[in-house]
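The figures that follow rest on heavy atoms only: side chains count, while hydrogens, waters and symmetry mates do not. Counting starts at 1 for both ligands and their atoms, in listed order. Keep in mind that this is a model prediction, so the values were computed, not measured. Residues: numbered from 1 along the sequence shown.
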Amino acid sequence: MLTFPCAKINLGLNIVAERPDGYHDIQTVFYPIPLTDALEIKHMDPAFPSDHPCDLKVTGNAVDCDERSNLVVKAYDLLAADFELPPIHAHLFKCIPSQAGLGGGSSDGAFMIRLLDERFRLNIGIAEMERYAAKLGSDCAFFITAEPSYATGRGEILEPADGPKGNLHGYSIVVVKPDVAVSTREAYAQIVCHMPRKSCREIVRQPISTWRDELTNDFEGPVFKAHPELACIKQSLYDMGALYAQMSGSGSALFGIFREIPQGVEEQFKGCFVASAVL
Ligand SMILES: C[C@@](CO)(OP(=O)(O)O)[C@H](O)COP(=O)(O)OP(=O)(O)OC[C@H]1O[C@@H](n2ccc(N)nc2=O)[C@H](O)[C@@H]1O
Ligand SMILES: Nc1ncnc2c1ncn2[C@@H]1O[C@H](COP(=O)(O)OP(=O)(O)O)[C@@H](O)[C@H]1O
């Protein structure tokens, strides 16, 4: 059985408070985008046994962690503790860039939960799958339904965000990921928390023309200071006609929302990963 874990962007991201558990309370709108990995599972072939009941093969882009730490295997282990799962082979074809703020690893973990639930008829239910996913990572729960969501808490408390779907339908997105890796943990450590004057949930309901002045990602300040080239990419997206441009999550990917995909994006951002799609 095959599935396609999608990437996300954050439409606005405010880090509002430090928590006693070492995490931060955030406010953000998660929005799924049509940039995907591919994930396949099948029963383990007795002719090719493995020392772990979830034998993972990764192709495409390299993932910088060992097999057992991969969120696909962690998702299997999490469910295997509570459900009887047969041994399986899993194949992850990795396309979503890592350390990009696009949630690729989180998506793989959440889609694995969905895949195991469906393939082995576990009947876990959406709310329970979201609870399992939140154990894998703060933004994993969103990927269980991958519907536009307003997220609070660590990022795992989700409410539907219908505003951006209507606002963005038919627009195009360009994602640019330079060869800069940002650690999420280190990015959070740079932040001075504050409550935004207006919630991103409200702003994304307004016309896109208002977003440039109002919608903010609190990570941009410290991350752009450490990597000024990211601010240049954001400016280039605006120069190419973006209605709105922002860094996604803790970076280092940037995205621009356009009426139509502009000519020459590949040449403009030579050396970067570049993807574009209609939303
Ligand atoms: C910043 C965001 C915004 O959507 O996305 P990315 O840039 O990673 O895509 C998320 O909050 C990332 O969520 P996720 O990548 O799942 O983070 P986790 O694995 O749970 O945590 C990694 C580390 O980030 C910090 N962390 C994460 C989430 C949070 N609300 N507060 C935190 O302080 C903690 O130091 C934690 O040890
Ligand atoms: N399936 C996976 N794909 C990518 N990274 C993974 C995966 N499983 C675990 N990881 C680890 O999680 C880290 C962060 O995941 P990543 O997809 O890069 O998230 P983001 O870009 O949102 O910060 C990676 O650097 C890697 O070490």
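Heavy atoms of Asn70 found under 4.0 angstrom from ligand 2 belong to the backbone as well as the side chain. Proximity of Tyr23 to ligand 1, defined as any heavy-atom pair under 4.0 Å, is shared by backbone and side chain alike. Under 4.0 Å from ligand 2, not a single heavy atom of Asp37 appears. Neither the backbone nor the side chain of Lys74 has any atom closer than 4.0 Å to an atom of ligand 2 (non-hydrogen atoms only). Here Val63 has side-chain heavy atoms under 4.0 Å from ligand 2, and that is the only part of it that gets that close. Residue Ser250 does not touch ligand 2, judged by heavy-atom distances below 4.0 Å. Using a 4.0 Å cut-off between heavy atoms, Asn10 contacts ligand 1 through its side chain alone, with no backbone atom that close.
Without hydrogens or angle criteria, Tyr132 side chain to Ile113 main chain gives no donor-acceptor distance under 3.5 Å.
Contact check on Arg205 versus Glu202 returns no salt bridge, with no Lys/Arg side-chain nitrogen under 4.0 Å from an Asp/Glu carboxylate oxygen. Ion pairing between Lys57 and Glu67 fails under the 4.0 Å rule for side-chain N and carboxylate O. A salt bridge between Lys42 and Asp55 is absent, with no side-chain N of the basic residue lying under 4.0 Å from a carboxylate O of the acidic one.
Of all the atoms in ligand 2, the ones that sit under 4.0 Å from a non-hydrogen atom of Ser69 are 9 (C). Which parts of ligand 1 touch Phe219 is read off a 4.0 Å heavy-atom cut-off, strictly below it: atoms 1 (C). Below 4.0 Å from some heavy atom of Leu102 lie the following atoms of ligand 2, by number and element: 21 (O), 22 (O). Below 4.0 Å from some heavy atom of Gly104 lie the following atoms of ligand 2, by number and element: 17 (O). Which parts of ligand 2 touch Lys94 is read off a 4.0 Å heavy-atom cut-off, strictly below it: atoms 3 (N), 4 (C). Those atoms of ligand 1 that come under 4.0 Å of a heavy atom in Gly101, given as number and element, are 6 (P), 7 (O), 9 (O). In summary, the atoms of ligand 2 found under 4.0 Å from a heavy atom of Leu92, numbered by their order in the structure, are 1 (N). Of all atoms in ligand 2, listed by their number and element, those nearer than 4.0 Å to a heavy atom of Gly101 are 20 (P), 21 (O), 22 (O), 23 (O). For ligand 2, the atoms lying closer than 4.0 Å to a non-hydrogen atom of Thr184 are 23 (O). Each of the following atoms of ligand 1 lies closer than 4.0 Å to a heavy atom of Gly22: 33 (O). Residue-ligand proximity, Phe30 to ligand 1, at heavy-atom distances under 4.0 Å covers atoms 4 (O).
In this structure, atom 26 (C) of ligand 2 has a protein heavy-atom contact shorter than 4.0 Å.
The side chain to side chain contact (heavy atoms under 4.5 Å, CB included) test applied to Pro86 returns His43, Phe120, not counting sequence neighbours.
One option in Glu156, Lys135, His24 has a heavy atom closer to atom 31 (N) of ligand 1 than any other, and that option is His24. By heavy-atom distance, the residue among Val182, Val73, Asp108, Asn61 lying nearest atom 2 (C) of ligand 2 is Asp108. In the candidate list Pro5, Ala7, Gly103, Gly103 is nearest to atom 22 (O) of ligand 2, counting heavy atoms. The heavy atom nearest to atom 7 (O) of ligand 1, considering only Gly251, Ser107, Ser250, Ala151, is found in Ser250.
Neither Phe4 nor Leu115 shares a network with the other; the hydrophobic side chains, linked directly or stepwise wherever heavy atoms of I, L, V, M, F, W or Y lie under 4.5 Å apart, form separate groups for each.
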message: Applying side chain to side chain contact (heavy atoms under 4.5 Å, CB included) to Asn14 and Ile26, what does each step give before you reach the verdict?
response: CA-CA 6 Å; Asn14 300 116; Ile26 66 169; over 6 Å; no

- request: For the pair Ser236 and Asp239, evaluate side-chain hydrogen bond (donor to acceptor under 3.5 Å, both in side chains) and give the outcome as yes or no after the intermediate values.
  value: CA-CA 5 Å; Ser236 300; Asp239 293 344; 5.0 Å; no

Gln206/Glu214 under side-chain hydrogen bond (donor to acceptor under 3.5 Å, both in side chains): CA gap, chis, key distance, verdict: CA-CA 10 Å; Gln206 302 172 183; Glu214 295 191 52; 3.2 Å; yes

message: As a quick check of understanding, evaluate side chain to side chain contact (heavy atoms under 4.5 Å, CB included) for Met247 and Phe255, giving each step before the final call.
response: CA-CA 6 Å; Met247 185 172 78; Phe255 65 87; over 6 Å; no

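Leu35 is listed as a side-chain neighbour of Leu102, based on a closest heavy-atom distance under 4.5 Å.
The shortest N or O to N or O distance between Gln99 and ligand 2 is under 3.5 Å. Not one N or O of Cys65 is nearer than 3.5 Å to an N or O of ligand 2, by distance alone. Here's the thing with Lys8: one of its N/O atoms is less than 3.5 angstrom from an N/O atom of ligand 1.
The aromatic rings of His24 and Tyr188 sit parallel, their planes meeting at an angle under 30°, below the 60° perpendicular limit.
Contact between Val72 and Met112 at its shortest, heavy atoms only, is O-CG, 3.5 Å. Heavy atoms only, all atoms of each residue included: Pro53 and Tyr76 are closest at CB-OH, 3.5 Å.
Atom 24 (C) of ligand 2 has as its closest protein heavy atom Asp64 OD1, 3.4 Å. Summary of contacts: the protein heavy atom closest to atom 12 (O) of ligand 2 is Leu71 CD1, 4.6 Å. Annotation: atom 27 (C) of ligand 1 to nearest protein heavy atom, Tyr188 CE1, 3.4 Å. The protein heavy-atom contact nearest to atom 14 (P) of ligand 1 is Asp139 OD1, 3.6 Å.
Donor-acceptor pairing under 3.5 Å is lacking for the side chains of Ser252 and His227.
None of Asn61, Asp108, Asn70 except one satisfies the side chain to side chain donor-acceptor pair (under 3.5 Å) rule with Lys94; the exception is Asp108.
A cation-pi contact, defined as under 6.0 Å to the ring centre and within 45° of the axis, links Arg154 to Tyr23.
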